[in-house]
There are 2 protein chains.
Amino acid sequence: MTARSTNTGEGSGAQDPHRDIPEATVARLPVYLRALTSLAERNIASCSSEELATAAGVNSAKLRKDLSYLGSYGTRGVGYDVDYLSYQIAREIGVTHDWPVIIVGIGNLGQALANFSGFSSRGFRTVALLDAAEQMQGRTVAGLEVRPFADLAEIVAAEQVSIGVISVPATAAQDVADAMVEAGISSILNFAPAVLNVPPGVDVRKVDLSIELQILAYHESRKAAEADETVDNGSEEGITA
Amino acid sequence: MTARSTNTGEGSGAQDPHRDIPEATVARLPVYLRALTSLAERNIASCSSEELATAAGVNSAKLRKDLSYLGSYGTRGVGYDVDYLSYQIAREIGVTHDWPVIIVGIGNLGQALANFSGFSSRGFRTVALLDAAEQMQGRTVAGLEVRPFADLAEIVAAEQVSIGVISVPATAAQDVADAMVEAGISSILNFAPAVLNVPPGVDVRKVDLSIELQILAYHESRKAAEADETVDNGSEEGITA
DNA sequence: CGGAGTTTGTGACCACGAGAACAAACTCGC
DNA sequence: GCGAGTTTGTTCTCGTGGTCACAAACTCCG
Ligand SMILES: NC(=O)c1ccc[n+]([C@@H]2O[C@H](COP(=O)([O-])OP(=O)(O)OC[C@H]3O[C@@H](n4cnc5c(N)ncnc54)[C@H](O)[C@@H]3O)[C@@H](O)[C@H]2O)c1
Ligand SMILES: NC(=O)c1ccc[n+]([C@@H]2O[C@H](COP(=O)([O-])OP(=O)(O)OC[C@H]3O[C@@H](n4cnc5c(N)ncnc54)[C@H](O)[C@@H]3O)[C@@H](O)[C@H]2O)c1
C-alpha cells in the first residue's frame, strides 16, 4: 500500500540506511521493540539474535536480516546491546518523541481506546477526543473532555496532529476520513468495517475484528474437514505431527 | 538480476477448488463478502469484477484471481450474481452457520467487544464472557452474565466452542491461552500485546493497536523526512497530486 | 444465425519475502 | 598474541503473491 519508492539517486551512502526498509520488516520492528523493552525491564543488558527472536516469536535469521536493514548495530560473537538497539529501532520507527493522536467516535470502542494506557507508553499521546453526538459533548473520558467534531480542523492545526483514529460507525467512516484529510491528517487508523478512499500520500491501516474472526473460521472449517477426511480414508499428505 | 523464473516443471493441473487457497486470498474473502452484502442491501442483483473490486478497494484482476480459487462462479460477459457469490464465499469461509465464541477478560476492551453487534451479524455468536476478577462476577454485559474464568473448560465443552478472544492484560495472556488450548479451543484472537506460544494445530491471530500506530508513525516520519529533502535539494520525481 | 461487444478465468512474468547456510568479525582462555 | 568458539551480517535459493494481458465464454442486436 502506498509504496513510496523514492529511489534516491545520490550516494551519500554511509549513514543512509534509512531508505528501503521492506514493509514486512517495518511491521515487525514494533514487535522487536516490545520484546527489547520487556528484556530491559528484567535488567537484561544484552541479548543474542536467538534470544530476541524467541521473545518476538520469529525466526532468528529473519530477525537478523530485519535488523540489518537499519544498520549494523550488533557485535559479532556477542549480540545486541538492549538499550542501544531499542533506541535505534525507536529512532527508525520515529517514536523517540511522542506523536499526538486524536480519536474520533467516542462510543464503546472509542472510550476503550481512550482509556488504553498502552497508547501513551509507546510513543503516542492522545490529545483530543471528538464526537458528533450532542450528548457526548462536555463529558470527560480518560481525563480528556469530549469535543465537537466540528473542532477537528482547529485541533489538528493547533496540536500538529498527523495521526487520527476512526472509531465511528461504518456509515460515517468515509466522511470522517475526508474531514481528517482535509484538516491535514496524513495517517489514519480505521476501526470501522469500511473501505476508505483517501488521496495518495495518506496512509490508512485498518483493524477489522470481523475479518480476523472470519479468517480464523476459515482455518477452523478446514481443520474440521480434514479431521473428517482422516477418518474417511486416512491418506493425507504426510503431515505427521 | 534476480530474475528467477520459478520453473515449476510440472503442470500440476487438476484444480481441486477447495484446496490450497492462498493465505492472502483468504484474508481478502471477508472483504469481498462485506462488499457483496453492501450491494445486496442496495438491491443490486449482479455486478462485474470491476465494480466489486472498487467496492472492496482492490484491483479487479486480483479479485478475479481470488474468486477463481473457489471455483467458477461468474458468467463471462455478464458478471457475478451477488447472492450466489455471497453464499459461495460464505460457504468457503465457513460462516454459513454461526460459530460460538467466548471472550476472556471483560475490562474496557472486552466490554466493547461484547457490545459489538458486528460480531453476531457476521457469522459469530458470543456465548460466554469470562473474567477472573471477583468484582466482575455476576455482572451482566451486553445481555450476558460474566462468568468465572474457572468455568472455561466446562463452557467450551458444553457449547462446542472452538474460537476464543483474549482481552486480558498482556501478563495474563499466555496463561489464558494455555487454558483455552487445554479446554479444546483451537483458534485464538489475541488483543493483548504479547507473543503467544501455542501448540501446532492452534491458530492465533493478533490485533495490536500499538503496532499499527507505530507502522503509521514510521511512514509518517519518512514523509516528514522526504518533505525536508524536497526543500533541501528540490529534486524530487514528479509526485504531482 | 452470426458477429460485435463484454467480462471472466488463467497463464506468464516479476517483485518481495522467508529461510538456510556461511563467511566475517568479535571475545575469551591460555 | 593466537586459536577456539560464538554470533552477526549477508548471500543464495525458493516459494508466494501481485499485475498484465489475453483467450474463452457469454449476451445482445441486427
Ligand atoms: N465495539 C467494538 O468492540 C468494535 C470492534 C471492532 C470494530 N468496531 C467498529 O468501531 C466503530 C465504533 O464502534 P462502537 O461500538 O464504539 O460504536 P458506538 O456506536 O458505540 O460509537 C460510535 C460513536 O461515533 C459517534 N459518531 C457517529 N457519527 C459520527 C461522525 N460523523 N463524526 C463523529 N462522531 C460520530 C457516535 O456519536 C458514537 O459516540 C464501528 O464502526 C464498529 O463497527 C467496534
Ligand atoms: N483498551 C483498549 O482499547 C485496548 C486496545 C488494544 C489492546 N488492548 C489490550 O487488551 C487487553 C485488555 O485491555 P483492557 O483495556 O480491557 O484492560 P482492563 O484492565 O480494563 O481489563 C482486563 C480484564 O481482564 C481481567 N483479567 C485479568 N487477568 C485475567 C485472567 N488471568 N483471566 C481472566 N481474566 C483476567 C481483569 O479482571 C479485567 O477485567 C490488554 O492486554 C490491552 O493491552 C486494549
Side-chain angles (χ1 to χ4, degrees), chain A residues 1-5 7 17 19-29 31-32 36 44-82 84-85 88-89 215 237, chain B residues 1-17 19-29 31-32 36 45-82 84-85 88-89 215:
Chain A
M1 53 179 75
T2 63
R4 209 150 257 279
S5 64
N7 186 14
R19 302 279 152 195
D20 275 280
I21 296 189
E23 210 35 51
T25 296
V26 171
R28 282 188 294 266
L29 289 179
V31 180
Y32 304 153
L36 285 167
I44 297 171
S46 90
C47 66
S48 69
S49 64
E50 200 70 51
E51 293 167 311
L52 185 52
T54 303
V58 300
N59 181 303
S60 70
K62 201 192 305 191
L63 175 106
R64 288 198 299 278
K65 200 179 201 179
D66 283 342
L67 294 184
S68 77
Y69 288 115
L70 336 182
S72 209
Y73 297 130
T75 309
R76 300 177 189 213
V78 179
Y80 300 92
D81 180 272
V82 171
Y84 182 56
L85 184 58
Q88 293 300 339
I89 293 179
I215 294 172
E237 324 224 325
Chain B
M1 55 188 73
T2 68
R4 275 314 109 230
S5 62
T6 46
N7 191 11
T8 48
E10 30 74 51
S12 67
Q15 317 296 337
D16 192 58
R19 298 278 148 198
D20 274 279
I21 296 190
E23 207 41 47
T25 296
V26 171
R28 282 187 295 267
L29 289 179
V31 181
Y32 302 154
L36 285 167
S46 91
C47 66
S48 69
S49 64
E50 200 70 51
E51 292 167 311
L52 186 53
T54 304
V58 300
N59 180 303
S60 70
K62 201 193 303 193
L63 174 105
R64 287 198 300 276
K65 198 171 208 181
D66 284 342
L67 294 183
S68 77
Y69 288 117
L70 332 183
S72 206
Y73 298 128
T75 308
R76 298 176 189 214
V78 178
Y80 300 93
D81 180 272
V82 171
Y84 182 56
L85 184 58
Q88 293 301 338
I89 294 179
I215 294 172

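Note that the structure is predicted; figures quoted are calculated from it, not measured. Below, chains carry the letters A, B, ... as their sequence lines are ordered, and counting in each starts from 1.
Judged as a salt bridge (charged side-chain N to carboxylate O under 4.0 Å, His left out), not a single pair has a partner in residues 67-81 of chain A (not counting sequence neighbours).
Taking the side-chain hydrogen bond (donor to acceptor under 3.5 Å, both in side chains) definition, one finds that Thr54(A) meets it with nothing, sequence neighbours left out. Not counting sequence neighbours, the partners of Ala27(B) by the side chain to side chain contact (heavy atoms under 4.5 Å, CB included) test are Ile215(A). In this view, Arg28(A) and Asp66(A) satisfy the salt bridge (charged side-chain N to carboxylate O under 4.0 Å, His left out) rule, not counting sequence neighbours. By the side-chain hydrogen bond (donor to acceptor under 3.5 Å, both in side chains) test, Ser49(B) pairs with Arg64(B), sequence neighbours left out. With sequence neighbours excluded, the residues satisfying side-chain hydrogen bond (donor to acceptor under 3.5 Å, both in side chains) with Gln88(B) are Tyr73(B), Arg91(B).
Listed by residue number, the members of residues 50-66 of chain B with any heavy atom below 4.0 angstrom from DNA chain C are Arg64(B), Lys65(B).
For Ser72(A) and dG9(D), the shortest distance from a side-chain N or O to OP1 or OP2 is below 4.0 Å.
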Tabulate atom names and distances for all N/O pairs under 3.5 angstrom spanning the protein and nucleotides 1-4 of chain C.
none

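Look at CZ on Arg28(A): it is 8 Å from P on dG17(C), rounded to the nearest Å. When the C1' atom of dC16(C) is taken as reference, atom CD of Glu23(B) falls 17 Å away, rounded to whole Å.
Listed nucleotides: dT7(C), dG9(C), dT10(D). Nearest to the side chain of Ser68(B): dG9(C).
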>> Strictly under 4.0 angstrom, non-hydrogen atoms only: write out the protein contact profile of nucleotides 24-30 of chain C, one letter per nucleotide from the 5' end, B, S or -.
In response: BBBS---
